[in-house]
Number of protein chains: 2
Amino acid sequence: MDQLRALRYFIKVAETGSFTKAASMFSVPPSSLSRRVADLEKSLGATLLKRSTRVVKLTEVGRIYYNDVQNILNQLELSNETVRSYQTTPKGRLRISSMVGFGERILMPLLDAFSEQYPDIVLDVSLSDELSMLGRDEVDIAIRGGYAPNERVLAKKLMDNRFIPVAAPAYLAKHGVPQNAIELRKHDGLYFRTPSGPTPWLCKIDGQWHDVTGRTVAVSNNGQWLIKKACQGQGILMSTRWALASYIQTGELQELTFEHELGINQHTDMAVYLLYQKQRYLVPKVKVAVDFLLASMKN
Amino acid sequence: MDQLRALRYFIKVAETGSFTKAASMFSVPPSSLSRRVADLEKSLGATLLKRSTRVVKLTEVGRIYYNDVQNILNQLELSNETVRSYQTTPKGRLRISSMVGFGERILMPLLDAFSEQYPDIVLDVSLSDELSMLGRDEVDIAIRGGYAPNERVLAKKLMDNRFIPVAAPAYLAKHGVPQNAIELRKHDGLYFRTPSGPTPWLCKIDGQWHDVTGRTVAVSNNGQWLIKKACQGQGILMSTRWALASYIQTGELQELTFEHELGINQHTDMAVYLLYQKQRYLVPKVKVAVDFLLASMKN
DNA sequence: TACATTATTGTCTAAATAACAATAGTGTTT
DNA sequence: AAACACTATTGTTATTTAGACAATAATGTA
């Protein structure tokens, strides 16, 4: 029995919920799938799929097996690709996942240059603040705000990701410049919403964190919109230096500095990390992309 | 092409370094392996093995692929076993790996009772202080002194593993009872050697760790031998409470207590952990063993 | 240089899988 | 309630793929 073929059939049937649909994807008659899956079940001594003529769905063991096998088949495909692309020129589809703001402001401009340099690499970029599963093999490279990756994943620090407070000169003229962090509580605020909720303003005084969140003017997960509002003088915004740099330079926004450390969570060592699977660095397209991005970020 | 078969052939050839030897293990002619491996190489577009009539060895890519594939095949075998044994009575070979001292004094006596309760489980116990690769699938259950496992591995605390200082009454009568940790430096010591080297005596005073190692009388990785020496009054020994309990109870050894915290490394929260892969808990033999050991340790 | 061993290749046989047609079962619709 | 449409399965044949066996070429050793 060709177990691997049986597994591929099983996976597709489980996903489509139909032998016929799955069969059409392999361009073989449904009877083949039926027989192969039956073989597989026989060899395992368990029924993986509960069938009726109308619906096919996974049994309890079936679901367990499906999860395992899907993962295993993905790994195998990765390994095959590694070998196939070994010592060839960088080419193929490169899947990159990035945080939205960072992707728009920093990553994508860089990728334009990257594409020119490596025209044979087809970029597949998805921006999302949800953390995608790097291990589950949906992306080749991920860019995320500081969190600890697992052992198989390498994390390279790209740049600082601490949040700094800014406001428009007009706002400060009208409401006054806060002299210390505690005073922020009396100010108008524009707040980021991360996947885990809106971000407060926090201040560390003598080792203790205090909430210094002000009045809420607006909340959004869209940095650009918040920055626009901040420029219009609608309130104080905390965002990252890389997002604000150009506005601070032109004077549209002004950085506020305080004696005590300010942040949006208690991890003060926030950074933007480039993540990739150690093994995948062997694949030329991944290698050149990692190298390119790391080199670019040094400027 | 039956890729899975080809992979199994490839693996065996790589391991034995010979098509003929590998073929005999599958009870097929060498020509079959030669053809299958050739197919595999063709489909990958890379040569995996460097052959001559006399020696067969892996190429650079071959080695990478071999490592990946071996791991993948192991995982698949585990998944198959999970399904096959799903909701059956506990049986089969159960591979347990444990630290030597703990295995001898605590684990093995328990396993005798376990074997009576589950006669269909064949125990395969190996004692070693080196950390075996749980992920690499050589054992079902591992018992280790406190270290952080990865995400897929569950770690259940079995018991405290802090090191406490003891000495024979005769030793204390002759050399005096040390009144504080610093005085240990003037005493004779019996020291454990772990895989990472001999263990010093450390003492935490006002948040700072100080080395209070005394004169070296003997060093060994064998706890029993060190305990014997301690009982003979040859010096002060730091070992775990579970190893020393019976000797303290009989009065052969006497626990020394100090104002400041004492240890053999800077991790004061040392414990003995039971480790197993999350998924494998579905396999009855693993489940009952984990449950049995955890229940037993509560006494 | 002769020898023994080994991987490979050619050819035939056996096994496994796909193809195709037909059947039986099930949920939906009128 | 009955006809309908769709689907999984099964029987049978054709095709593909792997194994068996003998022969060949290559290579390290004696």
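Just so it is clear, the values below take in all heavy atoms, side chains as well, and ignore hydrogens, waters and symmetry mates. Protein chains get the first letters and strands the later ones, always in sequence-line order, with residue 1 at the start of each.
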Any chance you could lay out the side-chain hydrogen bond (donor to acceptor under 3.5 Å, both in side chains) test for B/Q75 and A/D68, step after step, and finish with the verdict? CA-CA 8 Å; B/Q75 285 181 48; A/D68 285 3; over 6 Å; no

Pair A/N80, B/Y65 - check side-chain contact (heavy atoms from CB on, under 4.5 Å), show working. CA-CA 8 Å; A/N80 288 341; B/Y65 197 59; 2.5 Å; yes

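Near DNA chain D, defined here as any heavy-atom distance below 4.0 Å, the residues from residues 28-37 of chain B are B/V28, B/P29, B/S31, B/S32, B/R35, B/R36, listed numerically. Proximity of residues 2-17 of chain B to DNA chain D (heavy atom under 4.0 angstrom from any strand atom) is restricted to B/D2, B/R5, B/Y9. Near DNA chain C, meaning a heavy atom under 4.0 Å from it, residues 19-27 of chain B has B/F19, B/T20 in order of number.
Separating the CG atom in A/L123 from the CG atom in A/L111 is a distance of 5.5 Å, to the nearest 0.5 Å.
When the ring pair (Phe, Tyr, Trp, His ring centres under 6.0 Å) test is applied to A/F114, the partners found at least two apart in sequence or on another chain are A/Y118, A/F292. Looking at residues two or more places apart in sequence or on another chain, you find a side chain to side chain contact (heavy atoms under 4.5 Å, CB included) between A/T47 and A/E41, A/T59. Partners of A/E60 under the salt bridge (Lys or Arg N to Asp or Glu O under 4.0 Å) rule, at least two apart in sequence or in another chain, do not exist in this structure. With sequence neighbours left out, B/D124 forms a salt bridge (Lys or Arg N to Asp or Glu O under 4.0 Å) with B/R93.
Chain B approaches DNA chain D within less than 4.0 angstrom (heavy atoms of the protein), and the contacting nucleotides run 5' to 3' from D/dA18 to D/dG28.
The closest side-chain donor-acceptor pair between A/R144 and A/S97 falls under 3.5 angstrom.
Between B/T88 and B/R84, the shortest heavy-atom contact is CG2-O, 3.9 Å. The minimum heavy-atom distance linking B/P284 with B/T89 is given by the pair CB-C, 4.3 Å. Nearest heavy atoms, A/E104 versus A/M108: O-CB, 4.5 Å.
Within the 3.5 Å criterion, the main-chain N or O of A/R193 finds no donor-acceptor partner in the side chain of A/T199. Remark: side-chain polar atoms of B/D140 are not paired, donor with acceptor, to backbone N or O of B/V286 under 3.5 angstrom.
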For residues 8-23 of chain A, tabulate all N or O donor-acceptor pairs below 3.5 Å that involve a side-chain atom, not counting sequence neighbours.
| from | atom 1 | to | atom 2 | distance (Å) |
| --- | --- | --- | --- | --- |
| A/R8 | NH2 | B/Q3 | OE1 | 3.3 |
| A/E15 | OE2 | A/Y66 | OH | 2.8 |
| A/E15 | OE2 | A/Q70 | NE2 | 3.3 |
| A/T16 | OG1 | A/K12 | O | 2.9 |
| A/T16 | OG1 | A/S18 | N | 3.3 |
| A/T16 | OG1 | A/S18 | O | 3.0 |
| A/S18 | OG | A/T20 | N | 3.2 |
| A/S18 | OG | A/K21 | N | 3.0 |

Hey, can you pull the donor-acceptor pairs under 3.5 Å for the side chains in residues 30-40 of chain B, sequence neighbours left out?
| from | atom 1 | to | atom 2 | distance (Å) |
| --- | --- | --- | --- | --- |
| B/R36 | NH1 | B/D39 | OD2 | 2.4 |

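A/V219 is not listed as a side-chain neighbour of A/F192, based on a closest heavy-atom distance of 4.5 Å or more. At least one side-chain heavy atom of A/Q277 sits under 4.5 Å from a side-chain heavy atom of A/L78.
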Within the sub-3.5 Å range, which N or O atoms of nucleotides 26-30 of chain C have a protein N or O partner, and how far apart are they?
| from | atom 1 | to | atom 2 | distance (Å) |
| --- | --- | --- | --- | --- |
| C/dT26 | O4' | A/T53 | OG1 | 2.2 |

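Axis deviation across the helix from C/dT1-D/dA30 to C/dT30-D/dA1 amounts to 30°, comparing end segments of five pairs, rounded to 10 degrees.
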